Amino acid sequence: MAGLFDRTTLGDLDLANRIVMAPMTRSRADQRGVINPTASEYYAARTSAGLIISEGINVGPMSNAFDHTPGLWTEEQTEGWKAVVDRIHEKGGRVVAQLWHAGRASARGLLSDKQPLSPSGVNDDLDRLQVWALLANGAYVRIAATPSRAMTLGEVQGVVNEFRLAAANAVRAGFDGVEIHGANGYLIHQFLSPTINLRTDDYGGSAERRSRLLQEIVSAIAEVMPRSRIGLRLSPFADYNSARDPKPEDTYGQIAPLLQAAGLAYLHLADTNAWTGAPDYERMLPIFRGRYRGPLIVNASITPEHAARIVSSGEADAIAFGRLFLANPDLPARIRAGGPYNAPKPFGIYGGSDSGYLDYSLLETINGKAAARA
Ligand code: PHB
């Protein structure tokens, strides 16, 4: 029976334990999308995770849902990440780059005054999109999304090329692999949703056609790294960013066999609705059971106790923790000790200084007794 502290392999990724750090936006990159140098310290403090999944990294200038998120399409951005990844590796950690395109979940103010891109320009729900900006006074606030427009075929190809280039840059920066962000109402999820994707070309219609963008992105990335180093994050039921798939069982039931055939390192299933107190974890796994037999990571509001049961039952190979890892750099040690756990501080989640970023305490074992150090 597997435990959280047993090794495992997800494709070519070799994990020292089953405790994964979930991707989390921290919004401290500079205006050019270069990751903040302090990220080296932030991630290095968390290398006891079996795998770190980086914060979402924009694949190009038209992806930006959160101000000051980092990118991976320029030389400077790649160099910035290389310093962070080197530090993680020095400390014995493993890290994949989460590649992100926000699509319609954005606003002109974050896109050099350009109109956000989307499958079909569905704009009847802009108040439900999560777009955040940093104000001159230092406040990080939610702003109104601005109407998106339908992408041309050339722009769809452009996005595929952006994912390939960002993955190639991830290799140059030394990342152990990449995770494609196909969840939470962002561009790939927008294409998968029959409500948001109304296209009549090869990228819309049946679930298989709606997944064509995703499949082309996987193939493009596979040109620059083995499939066994490519993960994919999905959130079939997520209401986040108004993804509005009325029948996720149909959409994802149909693409699960395609994912099985794709031979990826792992599938990462996020139960994003658990954030708002309406978990759908129990409905999510049956969609994939029997159709996808590859490695599986699950995420969202899972307690360490529940995580241990999930891993020991074989339901999933590893568990990704978000908020717990944010507030507890040494989360595996704390799980082993049975806690206690720091709670996230109310400020400094998005943007700002080192406060709420580098100042979470570690649990130290002194003479066999656990003590929290401020
Ligand atoms: C967030 O920063 O709140 C965020 C980013 C990406 C997601 C979900 C939430 O997929």
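Nothing fancy with the numbering, it's 1 onward along the sequence. Whatever order the structure lists ligands and atoms in, that order sets their numbers, starting from 1. Values in this document were obtained by computation on a predicted structure and should not be read as measured data.
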Practice prompt. Output the list of atoms in ligand 1 that are nearer than 4.0 Å to some heavy atom of Tyr350, sorted by atom number.
Written response: 1 (C), 2 (O), 3 (O)
Worksheet entry | Flag for Asn241-Asn184: side-chain donor and acceptor within less than 3.5 Å | no
Worksheet entry | Residues Tyr42 and Glu55: side-chain donor-acceptor under 3.5 angstrom | no
Discussion item. Applying a heavy-atom cut-off of 4.0 Å, say which part of Trp132 lies close to ligand 1: side chain, backbone, both or neither.
Written reply: neither
Worksheet item: Is it true that the side chains of Thr9 and Asp14 contain a donor and an acceptor less than 3.5 Å apart?
Response: no
Worksheet item: Applying a 4.0 Å heavy-atom criterion (strictly less than), which segment of Gln130 is in contact with ligand 1: side chain, backbone, both, or neither?
Response: neither
Discussion item. Between Phe163 and His181 (judged by ring centroids, cut-off 6.0 Å), do the two rings come close enough to count as a pair?
Written reply: no
Discussion item. Need the ligand 1 atom indices (1-based, order shown) with element for anything under 4.0 Å from a heavy-atom of Asn184.
Written reply: 7 (C), 8 (C), 10 (O)
Worksheet item: Which protein non-hydrogen atom lies closest to atom 2 (O) of ligand 1, naming both residue and atom, and how far is it?
Response: Thr25 OG1, 2.7 Å
Discussion item. Does Arg212 form a salt bridge (charged side-chain N to carboxylate O under 4.0 Å, His left out) with Glu208? I'd like the steps, not just the answer.
Written reply: CA-CA 6 Å; Arg212 183 172 174 142; Glu208 188 169 349; over 6 Å; no
Worksheet item: With a distance cut-off below 6.0 Å to the six-membered ring centre and an angular limit of 45° from the axis, does Arg46 pair with Phe325 as a cation-pi contact?
Response: no
Worksheet entry | Numbered atoms and elements of ligand 1 in range of His181, under 4.0 angstrom, heavy atoms | 6 (C), 7 (C), 10 (O)
Discussion item. What protein heavy atom lies closest to atom 9 (C) of ligand 1? Include the residue and the distance to one decimal.
Written reply: Tyr240 OH, 3.3 Å
